[in-house]
Asks: 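Following this message is one structure expressed as C-alpha cells.
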Amino acid sequence: MTDRFDHAAIDARWQRRWEEERVAYVDTAAAGEKFYMLNMFPYPSASRLHVGHGRNYILGDALYRRERMAGRTVLNPMGWDAFGLPAENAAIASGVHPREYTLGNIARMKVQLKSLGLLYDWSKELASCDPGYYRWNQWLFLRMWERDLAYRKKAPVNWCPGCRTVLANEQVIEGRCERSGDPVEIRDLTQWFFRITGHAERLLAGLEDLDWPDRVKTMQRNWIGRSEGAEILFQVEGLPEPVPVFTTRPDTLYGATFLALAPEHPAAATLARMSPKKEEIQVFIERVRRESRLEREAEGGEKEGLDTGFASVNPATGEKIPVWLANFVLPEYGTGAIMGVPAHDQRDFEFARRFDLEIRPVYRTKERELDPAVMTQAMPHVGYLYRSGDWDGTPNGPEAVRKAIAWVEAKGVGKGTVGYRLRDWLISRQRYWGTPIPAIHCEGCGVVPVPERDLPVLLPEDVAFQGAEGNPLEKSQAFLRVDCPSCGKPARRETDTMDTFVDSSWYYLRFLNPDDSARMLDSARAAHWMPVDQYVGGIEHAILHLLYARFVCRVLKDMGLVGIEEPFARLFNQGLITKLNAATGKVEKMSKSRGNTVSPDELIERYGADTVRLYTLFIGPPEKESEWSEEGVIGAYRFLNRVHELCARVATLPGSDAPARDTPLARLEHRTIARVTADAARFHFHTAVAALMEFQRSLAEALEEGREDAAVLRRATLTLVKLLHPIAPHLTDEWWERFGEKKPLIECSWPAFDEELATTPRVTLVVQVNGRVRGRLDVERGTSEQEALTLARCDERIVPWLEGRELARSVFVADRLLNLVVR
RNA sequence: GCCGUCGUGGUGGAAUUGGUAGACACGUACGUUUGAGGGGCGUAUGGGGCAACCCAUGCCGGUUCGAGUCCGGCCGACGGCACCA
C-alpha cells in the first residue's frame, strides 16, 4: 500500500475544519433536549500538560463526541481557573506580571488542548482573572454579606509561612499547606469567612441522591463530620455563665470527673485574671497557642494540662470536679470545652493518669467491674450503666444516650444537639493575584461594603512584586485610598483577596452567559441547562471544590437565581496515570515534581493525536489508576495503521448499491455496535477498543479471503469508522469524507444495531458434569434442555463421565450451559 | 482506631444479573516478508504432566448443581478522616 497514514496532515486538516465549521458551537438560548458536559476547568500553569492530565480531557472529549452522535445538543465549554499563587510567585521570581504570565500560559495550553483534537465551544471561554468575571465574585460576596453568609471575625487561623497567606481548613493536609508543604502555623487574625457551617445538614442530605462515586460522597460526609450528642452546662465557680461542653456520650455523665477547657476558650482567660496563679496560667495558654497545629494534633502526643484551681460541679452527681486547661481540647470543635470521662475515653484516661485525676467507671458487664487502680487504658462502652442514678442497668446503646439527653433537658442543664467537624470557609488571602474583597475600612463607620455601582473593584496593575514583602496591594496607594461610601471621609480599602475556590464555585453557571455585563448569571438559561449532566475531573477536588460549589449553588438557589441546589448531577473521577520508575522498580504518580512526566507533544508528533487518544483510553478502566507504557502506545499506533490500510483497500472496491445481506460479518458488525455502545455508556472505552480491534481483524480477514461482497464490506467499514470516531476523531473523519460523506462525523448519528442480527445463530453450550467443564456443544440458539441432554449423552467427551453413574438432576441455562449432576 | 476501595498470567487488563477464567493489548519465542529497521504479517504463549487429566483469580472456611463474582474470618495494598470529645 502506498497510501501511508499521514497523521500529521490529517490531524492538522481536521482540527482546522472543526474550528472553521464551529462544530462545537451551541446556542445556549435555544430550547430543546440538552446535555451539559463539563471538564473541571484547568489552572493555567507554566508546565506543559502531560499525558496524566490528558486523560481527563481525552475521556471528556470521547464522551462529548459520543453524546453528540447520540443526537443530543451538548454544551461542552472550557475556561481557565486563572487566579492563584503560582502566577504571583512567578512574578516575584521573574518580574513578569501575573496577568501576562497567566495569559501566556493560557495561550500555550489552548494550543496543546487543540492538538489532541479536543473540541470545546470556545465561544464561551472565560478566565476567572478577567474583571468581567471576578466582578461577579464581588457581587456575590456583597449579597452574601447582606445575608450574613459572609462575615469577618478574629479567629485562630491557619497561616502558611511559605505562601505568606492564610489557608482554609480544607487546604491543610496533616498540618501542612497542601500547596507548598510548609507546616502551618496558627495565628489570631481578623479574616473573612463564608458561613458554610449553616449549610452542613443540607450539604449532607443532598449527597444521598447524587450519582457520584461513593468514595467522594464518603469523603464529603467525613469532612462534614456530623455527630449526634448533647451540650451539657457546667457551672464554674467565679463565672457568671455556665460553660457548655459537647459530648457524644452524655450517658457517661456520672463518670465525668473533671472539666477541661481549650486554652483558647474565653473562660480560660477570665479564670486566669481571677486566679492567684495568674502568671502561670497565662504562660500555659501562650505556650499551647504557639504550638504548631502539627504538634498539637499529633495523635499520642504528650497531653499538656494545667489545673486552674477553680472548681465546677458535675450536674448529675452534684460533686465538685476540678477545672483544667488541656492542649488536646481544640477551640474550634464543639464548644471548646469537654467533660472528662477517663474511664471510658482514651484521651481523658491518658490525661487523668498523667495528672492523677479520678477515674470513675460507669459501665460494667455482668462478669466484670472495672478497677480504676489497675486499668491501663480506657474501656469501651460495654455492658450496662451503673453508679449512674436512675439510669442504672441501662445497656450501652442509643437508649442510654436518649435517657441521658431527656434527663439533662428535664433538669435544664443541657440539650440534645448535633456537632459538626465542618468549619466556616475562610476565604481571605493576603495575596495580590485574586479577587479583591469589596469592603472599605472607615474609622467612623467601620467595615462598609463597596456599593454595587462601584464594582468591579479592579486589581491595580502597577504594583511591584519583586523585593516586596507581603501583599503588594498594601503598598498601592491608588488602590488603598478611597472615600468611605457611607460618610465620604477618607478610608482604606480591604486588601485581602478571595480564595480562588470562590471563583470555581460558580463558573459552571457563567458559561451560559460569559459576556453578560448586566448580571452574574442568566436564570432562564440556568433553568434549562443546569445541572451539569456529566462532570469530569480529578479526585483531588473531592472535598474542596466540590463542597464549595455545592454550598454556593445552594446560596444562589436561596437567592432565587437558580432552581437547583446540586450543580453536578453525575460526577466521574478519572484515575491517575502512573509510571514505572526503572531505578526503584516502583510505580509512581506522574507529576512534574517527580520528573517522570510524558509529554503528549512528542508522542503526537511521532504517532499522531489519535494514537495518544486511543492509547490513553485503552490503558485501563478510566476510574482506576493506570500505568503508562511506551510500548503500549506503539500497539495503539499499529491498530490505527491497520484501520487506515483497511479503509484504503475497501475504498478501492467497486461500488455497489446492493443491500447489505445477513452474513457472518454483518452479524459481527451488529454485535460490535452493541458492545461498543454499552461500553461507551459506562465510559469503558478500553473494552470498546478491544471490540473494535476484533472487528477490524475480522474485516481484514474477510477482505483478504474475498468472503464477503463489496456492499457488506463497505458498510461494515463505515460502521467501524463511526464507532471509532469518539476515540480517534481525525483518522475517522478523514475516511468518512474519503468515502464520500459530507458532514463531519460528530454531526452524524451513532449506528443502531439490530437485536436479531447482534445475536449469533449458533452458540457454544458448555457441558459440565458435577460442575466441572467436560465438553462443549456447538448448537443452534434456543436448543432445548431435552435436545441438549440427548446430544450430551452421545458426546464422546461426555460419555466416559456418565458411565456407571446415575443422573440425579440436570441444570440447564439456555444457550449457555448444561450441568449434569451424577452420583 | 473509624470509614471506603481493591487484590486475576511475565505486564496493563477482560469476564452486565453466580454459568467456558485470562477477551484485547504489551512483552517473549519461533516462522515469514524486506536492501535495512525500536518495521509489517503469521503462529504460540497461566503452571504441571507423554497423555487422560490435575492445579490455578491474596489466604482459610461457608452457601450453591456451579463462586473471580455472594457470605464469614484473616493477610496485604491504596485512599479519606482522626487527640473531633
Side-chain angles (χ1 to χ4, degrees), chain A residues 1 173-174 213-225 227 229 245-250 252 260 262 296-303 326-330 332-341 344-348 350-351 380 419-423 539 542-543 576 578 580 615 618-621 623-636 638-639 641-642 645 675 678-679 681-682 684 686-694 697 700 704 764-776 797 800 808-813 815-822:
Chain A
M1 275 295 133
I173 311 295
E174 289 177 354
D214 283 336
R215 61 175 170 162
V216 176
K217 294 209 249 184
T218 304
M219 280 162 75
Q220 293 220 350
R221 276 190 204 103
N222 283 348
W223 188 259
I224 294 167
S227 48
V245 307
F246 177 71
T247 175
T248 55
R249 301 299 307 224
T252 61
R296 174 107 175 242
E297 293 188 356
E299 192 176 3
E302 194 67 36
K303 291 195 170 35
N327 68 340
F328 74 93
V329 183
L330 305 174
E332 314 92 338
Y333 187 76
T335 60
I338 61 153
M339 60 179 208
V341 185
H344 303 292
D345 181 284
Q346 186 59 24
R347 293 155 302 181
D348 298 350
E350 286 167 22
F351 192 77
Y420 298 93
R421 214 189 69 94
L422 182 70
R423 289 170 220 156
I539 187 75
I543 296 172
L576 285 177
T578 57
L580 182 74
Y615 178 64
F618 186 57
I619 193 168
E623 68 278 9
K624 280 173 63 177
E625 69 173 46
S626 306
E627 193 185 318
W628 188 268
S629 101
E630 201 69 35
E631 292 80 13
V633 178
I634 293 166
R638 281 184 199 144
F639 170 64
N641 270 287
R642 286 197 291 267
E645 189 172 324
R675 276 175 73 184
D679 288 344
R682 44 184 197 136
H684 280 201
H686 62 307
T687 49
V689 170
L692 291 171
M693 284 172 165
E694 289 177 53
R697 190 187 307 167
E704 190 66 37
T764 303
L765 196 68
V766 171
V767 182
Q768 297 182 334
V769 178
N770 287 345
R772 311 213 56 164
V773 179
R774 297 302 179 193
R776 295 178 174 82
R797 302 224 324 138
R809 59 180 283 211
S810 68
V811 179
F812 182 70
V813 181
D815 302 329
R816 293 216 117 154
L817 129 163
L818 174 69
N819 186 14
L820 305 171
V821 185
V822 298

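Lettering follows sequence order; numbering is per chain, from 1.
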Asks: If I pick the C1' atom on B:rU64 and the same atom on B:rC70, what distance separates them, to the nearest angstrom?
Replies: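 Approximately 10 Å lies between the C1' atom of B:rC70 and that of B:rU64.
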Asks: List the atom of A:Ala260, the atom of A:Val329, and the distance in Å for their closest heavy-atom pair.
Replies: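 Residues A:Ala260 and A:Val329, closest heavy atoms: CB-CG2, 4.0 Å.
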Asks: Taking atom P in both B:rU20 and B:rC26, compute the distance separating them and give it to the nearest angstrom.
Replies: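 Each nucleotide's P atom is 26 Å from the other's.
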Asks: Quick one: is A:Arg215 getting a side-chain N or O under 4.0 Å of the B:rG79 phosphate, OP1 or OP2?
Replies: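 No.
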Asks: Please report the distance, rounded to the nearest Å, between CD1 in A:Ile543 and C1' in B:rG79.
Replies: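 In whole Å, B:rG79 C1' and A:Ile543 CD1 are 11 Å from each other.
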Asks: Just to be sure I follow the notation: if a pair is Watson-Crick (purine N1 to pyrimidine N3 plus N6-O4 or O6-N4) or a G-U wobble (N1-O2 and O6-N3), each under 3.5 Å, what dot-bracket string does RNA chain B give, with | for pairs to another strand?
Replies: (((((((..(((......[....)))(((((((.....)))))))(((....)))..(((((..]....))))))))))))....
Asks: Atom CD of A:Glu627 and atom C1' of B:rG13: how far apart are they, to the nearest Å?
Replies: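 Computing the A:Glu627:CD to B:rG13:C1' distance gives 12 Å.
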Asks: Hey, could you give me the CG/CD distance between A:Leu576 and A:Glu625, rounded to the nearest 0.5 Å?
Replies: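 Going from the CG atom of A:Leu576 to the CD atom of A:Glu625 covers 6.0 Å.
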Asks: Name the nucleic acid region contacted by A:Glu625, choosing base, sugar-phosphate or nothing; use a 4.0 angstrom heavy-atom cut-off, strictly under.
Replies: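 Result for A:Glu625 = sugar-phosphate.
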Asks: For A:Phe246 and B:rC83, give me the distance from atom CZ to atom P, rounded to whole Å.
Replies: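 Distance, rounded to whole Å: 16 Å.
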Asks: Please check: side-chain N/O of A:Asn770 versus main-chain N/O of A:Val822, any donor-acceptor pairing under 3.5 Å?
Replies: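 Looks like yes, one N/O pair under 3.5 Å.
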Asks: For nucleotides 21-29 of chain B, just jot down a letter per nucleotide in 5' to 3' order: B, S or -, based on protein non-hydrogen atoms under 4.0 Å.
Replies: S-BBSSS--
Asks: Take atom C1' in B:rU34 and the same atom in B:rU45, then report the distance between them in whole Å.
Replies: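 About 26 Å, rounded to a whole number of Å.
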Asks: With rounding to the nearest 0.5 angstrom, report the CZ to CG distance, A:Phe618 to A:Leu692.
Replies: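 If I round to the nearest 0.5 Å, the distance is 10.5 Å.
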Asks: Using the purine O4'-C1'-N9-C4 or pyrimidine O4'-C1'-N1-C2 torsion, is B:rG73 syn (within 90° of 0) or anti?
Replies: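 That one's anti.
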Asks: In terms of side-chain heavy atoms of A:Ile619, which of B:rG12, B:rG19, B:rA85 is nearest?
Replies: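 Comparing B:rG12, B:rG19, B:rA85 against the side chain of A:Ile619, the answer is B:rG12.
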Asks: Rounded to whole angstrom, note down the C1' distance from B:rC6 over to B:rU57.
Replies: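 Per the computed distance, 13 Å lies between those C1' atoms.
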Asks: Where is the tightest heavy-atom contact between A:Gly771 and A:Gln768, given as atom of each residue plus distance?
Replies: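 It is CA-OE1, 3.6 Å.
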Asks: If you measure from OG1 on A:Thr687 to CG on A:Asp679, what distance do you get to the nearest 0.5 Å?
Replies: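 Result: 3.0 Å between the selected atoms.
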Asks: When you measure only distances, ignoring hydrogens and angles, does the side chain of A:Lys303 come within 3.5 Å of the base of B:rC83 through a donor and an acceptor?
Replies: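 Yes, the side chain and the base share a sub-3.5 Å donor-acceptor pair.
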Asks: Is A:Arg675 salt-bridged to A:Glu694, cutoff N-O under 4.0 Å?
Replies: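 Looking at A:Arg675 and A:Glu694, the cut-off is met.
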Asks: Counting any heavy atom closer than 4.0 Å, what does A:Pro800 reach on the DNA or RNA strands: base, sugar-phosphate only, or nothing?
Replies: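 The answer is nothing, as A:Pro800 stays clear of every strand by at least 4.0 Å.
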Asks: Round to a whole Å and report the spacing from CZ of A:Arg682 to C1' of B:rA14.
Replies: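 That distance rounds to 10 Å.
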Asks: Hey, could you give me the CZ/OG1 distance between A:Phe246 and A:Thr335, rounded to the nearest 0.5 Å?
Replies: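 Going from the CZ atom of A:Phe246 to the OG1 atom of A:Thr335 covers 9.0 Å.
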Asks: Just how far, in rounded Å, is C1' of B:rA85 from CZ of A:Arg347?
Replies: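 Between C1' of B:rA85 and CZ of A:Arg347: 4 Å.
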Asks: Using atom C1' in both nucleotides, what's the gap between B:rG47 and B:rU8 to the nearest angstrom?
Replies: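 After rounding to an integer number of Å, I get 14 Å for this pair.
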Asks: More 5' along RNA chain B: A:Arg809 or A:Thr247, using each one's nearest nucleotide?
Replies: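 Taking each residue's closest nucleotide, the earlier one in sequence belongs to A:Arg809.
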Asks: Which whole-number value in Å describes the distance from A:Glu332 CD to B:rA82 P?
Replies: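 It works out to 12 Å between those atoms.
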Asks: Return the polar atom pairs (N/O with N/O) between nucleotides 52-54 of chain B and the protein under 3.5 Å, or none.
Replies:
{"residue": "B:rC54", "atom": "OP1", "partner": "A:Arg774", "partner atom": "NH2", "Å": "3.2"}
{"residue": "B:rC54", "atom": "OP2", "partner": "A:Arg774", "partner atom": "NH1", "Å": "3.2"}

Asks: Taking the six-membered ring of A:Phe351, is the NZ or CZ of A:Lys303 close enough (under 6.0 Å from the centre) and on axis enough (within 45°)?
Replies: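 Geometry flag: not set, cation outside 6.0 Å or 45°.
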Asks: If the C1' atom of B:rC50 is compared with that of B:rG68, how far apart are they to the nearest Å?
Replies: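 32 Å, rounded to whole Å.
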Asks: Using the closest heavy atom to pick a nucleotide of RNA chain B for each, name whichever of A:Val766 or A:Gly771 lands nearer the 5' end.
Replies: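 In this pair, the answer is A:Val766.
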Asks: Of the nucleotides B:rG66, B:rG13, B:rC84, which has the atom closest to the A:Asn819 side chain?
Replies: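 Of all the options, the side chain of A:Asn819 is nearest to B:rG66.
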Asks: Please work out if A:Val813 contacts a base, only the sugar-phosphate, or nothing of the nucleic acid, heavy-atom cut-off 4.0 Å.
Replies: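 Base contact - A:Val813 has a heavy atom under 4.0 Å of at least one base atom.
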Asks: B:rC84 P sits how many Å from A:Gln346 CD, rounded?
Replies: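 A:Gln346 atom CD is separated from B:rC84 atom P by 11 Å.
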Asks: Check whether A:Tyr615 reaches the backbone of A:Ser629 with its side chain - one donor and one acceptor, N or O, closer than 3.5 Å.
Replies: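 Answer holds: yes.
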Asks: Taking all atoms of both residues into account, what is the closest heavy-atom pair of A:Ser626 and A:Ile619, and its distance?
Replies: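 In terms of heavy atoms, the two residues are closest at CB-CG1, 3.7 Å.
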Asks: For A:Phe328 versus A:Arg347, what's the shortest heavy-atom pair and its separation?
Replies: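 Heavy atoms of A:Phe328 and A:Arg347 come nearest at CE1-CB, 3.9 Å.
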Asks: Return the CG to CG distance between A:Leu422 and A:Asn222, rounded to the nearest 0.5 Å.
Replies: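 So the CG of A:Leu422 and the CG of A:Asn222 are separated by 12.5 Å.
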Asks: Output the rounded distance in Å from NE2 (A:His684) to C1' (B:rA15).
Replies: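 To the nearest whole Å, that distance equals 12 Å.
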Asks: Distance check, P atoms only: B:rA67 and B:rA21, in whole angstrom units.
Replies: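 These two P atoms come out 11 Å apart once rounded.
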Asks: Would you say the side chain of A:Asn222 and the base of B:rC81 hold a donor-acceptor pair, judged only by whether the two atoms sit under 3.5 Å apart?
Replies: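 No, no donor-acceptor pair under 3.5 Å.
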Asks: Check whether more than 12 heavy atoms from other residues, nucleotides or ligands sit under 6.0 Å from atom CZ of A:Arg221, and answer yes or no.
Replies: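 For A:Arg221, atom CZ is crowded (more than 12 foreign heavy atoms under 6.0 Å).
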Asks: Quick check for you: among B:rC83, B:rA15, B:rC81, whose closest atom lies nearest to any side-chain atom of A:Arg421?
Replies: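 Ranking B:rC83, B:rA15, B:rC81 by closest atom to the A:Arg421 side chain puts B:rC81 first.
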Asks: Roughly how many Å apart are B:rC71 and B:rA85, using the C1' atom of each and rounding to a whole number?
Replies: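 Here B:rA85 and B:rC71 have their C1' atoms 36 Å from each other.
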